Amino acid sequence: MKKFYVTTPIYYVNDVPHIGHAYTTVAADVMARYKRLHGYKTFFLTGTDEHGQKVEKAARAQSKTPKELADSVVVRFQELWNRLNISHDHFVRTTDDYHEKAVQELFKLIQEKGDIYLGEYEGWYCTPCETFWSEGQQLEGNLCPDCGRPTEKVKEPSYFFRLSKYQDALLEFYREHPDFVLPESRMNEIVSFVKMGLKDLSISRTTFKWGIPVPGDPDHVIYVWFDALFNYVSAAGYGWNHHRFETFWPADLHIIGKDILRFHAIYWPAFLMSAGLPLPRRVFAHGWWTIEGQKMSKSLRNVVDPHRLIEEYGTDALRYFLLREVPFGLDGDFSHRAMAHRINSDLANDLGNLLYRSLTMVLKYFKGEVPQPSGPGGELAQLAQAVIKDLDHLMDQQAFNRALERLWDLVKGTNKYIDSSAPWNLAREKRQAELATVIYNILEGCRIIALLISPFMPQKAQEMWDQLGVEGHIVEASMDQAAWGGLKPGTRVKKGKPLFPRLDEKAIVEKIERELASTQEPQEEEVTIDEFARMKLVVAQILQAEKVPRSRKLIKLLVDTGSDRRTVVAGIGEHYSPQDLVGKKVVIVANLKPAKLMGIQSRGMILAATWDRGMKVLEVPQNTPVGTQVR
Ligand code: MSP
């Protein structure tokens with residue numbers, strides 16, 4: 001029997017579920033349902049990550065024990081997964097007994113193999129990210145290079161995992177499995193990162209208690225990522241359910257957000273190699289959502305609270321929107337305007353209307369009974385077959401938005417078929433046999449569409465089946481039923497409410513705009529135009545660039561400002577190599593007080609856009625003369 005094992009990340013319990021969590025979980029659910037439809041024995045795992053300093057701190061702030069906090073938050077996740085119709089087969093909590101045991105066993109196994117040793121850790125720790133950083137990896141001012149928040153200096157005895165030993169094996173594994181990480185661009189990032197050299201990884205802490213104790217040395221707790229990643233094998237039965245483990249491991253697909261790719265694509269396979277376990281087949285890193293054009297913040301969260309979205313738009317519309325709106329793997333923006341628009345155009349107009357008009361016709365021309373066709377399905381049947389085939393390929397690449405786009409070719413194609421075969425004319429001209437074939441084909445198109453959308457929108461797919469008079473639960477259906485001609489003539493349809501009522505887009509947008517205006521974060525300090533004008537911004541061209549010795553970040557530049565040539569030292573070395581900079585026309589703050597950086601006098605500053613993990617210097621079109629003032 002074919003099997004499929006898909007996972008979501010396990011979510012930290014220091015926070016309640018939000019749209020980002022819903023996104024990953026819906027995507028994994030769609031994969032699981034799709035594979036079940038295709039006859040795979042499927043294991044779909046989700047759960048919660050409950051150990052670590054972050055959870056300990058959050059619990060303290062709420063005067064709870066970490067376990068009490070976890071118990072209360074877990075319910076919130078489970079409630080949301082219920083409402084989103086998530087069909088997971090197992091929910092793992094890292095405080096579950098079987099998990100803790102498995103992690104300890106695996107720790108011992110890896111230690112016996114010689115891949116864990118006791119050393120001393122000195123470095124910087126970002127609690128929100130649960131990540132250690134070395135001095136050089138941090139941003140200036142001891143900030144976490146991932147989230148930009150302050151890190152804390154720690155020095156303590158620590159167990160280390162010999163990650164460095166696995167560098168070559170990992171690179172070879174990536175070479176042999178180029179699809180291990182998707183999208184492809186992310187695979188490239190991982191390969192470059194590993195090629196830069198891997199350091200051994202600190203995998204225990206002594207400064208707090210909330211974690212799984214290191215076997216034989218209970219002063220240490222196991223680093224939360226070592227603990228968390230092993231959920232994928234513990235929940236699959238490692239050490240307690242041999243049959244399940246043998247059936248399902250290795251995982252076929254870990255769906256995660258791009259921020260936690262390194263853990264999954266580097267540490268995880270290295271741990272598994274060391275433990276002598278087979279490696280997962282794929283890690284897919286999806287992008288991040290911004291909200292109404294802004295980075296997600298506490299106040300913006302309410303605007304896209306998943307419960308609220310479910311109430312306003314319905315579970316299936318939300319599931320559809322999340323996967324249709326943005327190519328899986330890229331970042332996207334979540335706005336109510338886009339959501340309402342998608343619902344109206346794709347769901348109410350294209351899909352809902354198709355079912356509604358089809359049922360209206362069968363009621364009108366055949367008293368609500370599916371007619372006996374007198375000919376084959378023709379072009380529509382061929383289109384359905386082609387779509388099914390393409391879906392397979394697209395779903396295997398987790399290209400959800402393209403899969404839905406392709407599926408909509410069938411929705412639109414069926415609508416077009418209605419228009420071009422004009423059943424109303426056939427009825428008027430009393431061409432009964434042709435009319436019967438056309439109506440049959442339309443209904444059969446709808447039935448197959450219902451089956452194909454069922455992984456994405458299980459409730460609406462079921463409603464479609466019910467209205468078409470098809471018996472049974474669509475979740476139990478299989479792809480054999482997608483063969484053309486499955487709809488039995490004589491079936492009585494049961495026309496019901498429109499699948500998706502039309503939304504008043506304008507009213508929705510106005511409401512959200514009012515809400516956003518009232519939830520704006522406090523205004524930043526304002527400057528007058530005169531204050532701004534004191535700054536002399538000019539276009540300058542970079543003539544020479546070289547790395548500042550012993551600095552990761554600094555690059556020494558010689559620039560032409562139109563009125564002089566001067567040295568500017570810029571902290572852009574982690575994002576640019578010197579040769580890429582020469583010739584660029586950039587904007588500099590020309591009247592900035594000179595400063596000495598690593599002993600070099602810098603006169604001016606280059607403007608650059610920076611975000612959590614990236615930076616781009618602002619470039620000016622090449623035909624702008626140097627010395628031009630920027631106002
Ligand atoms: N506990 C770890 C995962 C351990 S897996 C062995 C963790 N948890 S988390 O709760 O912080 O994040 C879970 C997921 O939510 C991540 O995949 C992250 O990418 C995702 N998202 C958080 N905010 C998001 C958006 N704004 N948009 C999309 N996904 C986002 O990390």
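Whatever order the structure lists ligands and atoms in, that order sets their numbers, starting from 1. Bear in mind the structure is a predicted one, so any value in this text is a computation, not a measurement.
In terms of polar-atom proximity, K54 is not counted as a contact of ligand 1, lacking any N or O under 3.5 Å from an N or O of the ligand. Some N or O of W289 is nearer than 3.5 Å to an N or O of ligand 1, by distance alone. The shortest N or O to N or O distance between W288 and ligand 1 is below 3.5 Å. Taking distance alone, with nitrogen or oxygen atoms compared against 3.5 Å, Y12 approaches ligand 1 more closely than that limit. Looking at ligand 1, you'll find an N or O of I10 within less than 3.5 Å of one of its N or O atoms.
Regarding atom 13 (C) of ligand 1, its nearest protein heavy-atom neighbour is Y11 CD2, 3.4 Å. Protein heavy atom at the shortest distance from atom 19 (O) of ligand 1 is D259 OD1, 2.5 Å. In terms of protein heavy-atom proximity, atom 31 (O) of ligand 1 is nearest to I260 CG2, 3.6 Å. Here the protein heavy atom with the shortest distance to atom 26 (N) of ligand 1 is M296 CE, 3.1 Å. Scanning the protein for heavy atoms near atom 15 (O) of ligand 1, the closest one is H21 CD2, 3.6 Å. Regarding atom 23 (N) of ligand 1, its nearest protein heavy-atom neighbour is H18 CE1, 3.3 Å. G257 N, 2.9 Å is the protein heavy atom nearest to atom 17 (O) of ligand 1. With hydrogens left out, the protein atom closest to atom 6 (C) of ligand 1 is Y232 OH, 3.5 Å, a heavy atom.
Ion pairing of K3 with E246 is absent here, as no side-chain N (NZ or NE/NH1/NH2) approaches a carboxylate O to less than 4.0 Å. Using a cut-off of 4.0 Å between Lys/Arg side-chain N and Asp/Glu carboxylate O, R60 and E56 are scored as salt-bridged. Checked for salt-bridge contact, E311 and R83 meet the test: a charged N lies under 4.0 Å from a carboxylate O.
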#### Entry: CA sep, side-chain torsions, deciding dist, call: F230, W268, ring pair (Phe, Tyr, Trp, His ring centres under 6.0 Å)
CA-CA 8 Å; F230 278 111; W268 182 222; 5.1 Å; yes
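When only modelled atom types and interatomic distance are considered, S87 and D29 share a side-chain donor-acceptor pair under 3.5 Å. Between the side chains of T315 and N85, not a single donor N or O lies within less than 3.5 Å of an accepting N or O. Between the side chains of R282 and H254, no donor N or O sits under 3.5 Å from an acceptor N or O. Of the N and O atoms on the side chains of N344 and E505, at least one donor lies less than 3.5 Å from an acceptor on the other residue. Judged purely by distance below 3.5 Å, without hydrogens or angles, the side chains of D217 and Y159 pair a donor atom with an acceptor atom. With no hydrogens or angles considered, no side-chain donor-acceptor pair links H21 and D15 at under 3.5 Å.
Atom CZ of residue F226 and atom CG of residue L106 lie 6.5 Å apart, to the nearest 0.5 angstrom.
Less than 4.0 angstrom separates some heavy atom of H264 from each of these atoms of ligand 1: 5 (S), 6 (C). For ligand 1 and P9, the ligand atoms under 4.0 Å from any heavy atom of the residue are 3 (C), 5 (S), 17 (O). Near G287, the atoms of ligand 1 lying under 4.0 angstrom from a non-hydrogen atom of the residue are 28 (C). Annotation for ligand 1: atoms under 4.0 Å from non-hydrogen atoms of A228 are 6 (C). Annotation for ligand 1: atoms under 4.0 Å from non-hydrogen atoms of H286 are 28 (C), 29 (N). Short contacts between ligand 1 and D49, defined as distances under 4.0 Å to a heavy atom of the residue, involve ligand atoms 1 (N), 2 (C), 4 (C).
By the 4.0 Å heavy-atom criterion, W268 is excluded from the residues contacting ligand 1. Contact analysis leaves F263 out of contact with ligand 1, as no non-hydrogen atom separation drops below 4.0 angstrom.
Comparing F77, Y23, W225 against atom 4 (C) of ligand 1, the shortest heavy-atom distance belongs to W225.
Aromatic pair Y267/W225: centroids not less than 6.0 angstrom apart.
Considering L45, T7, T46, D49 in turn, L45 is the only one that fulfils the side-chain contact (heavy atoms from CB on, under 4.5 Å) rule with V92.
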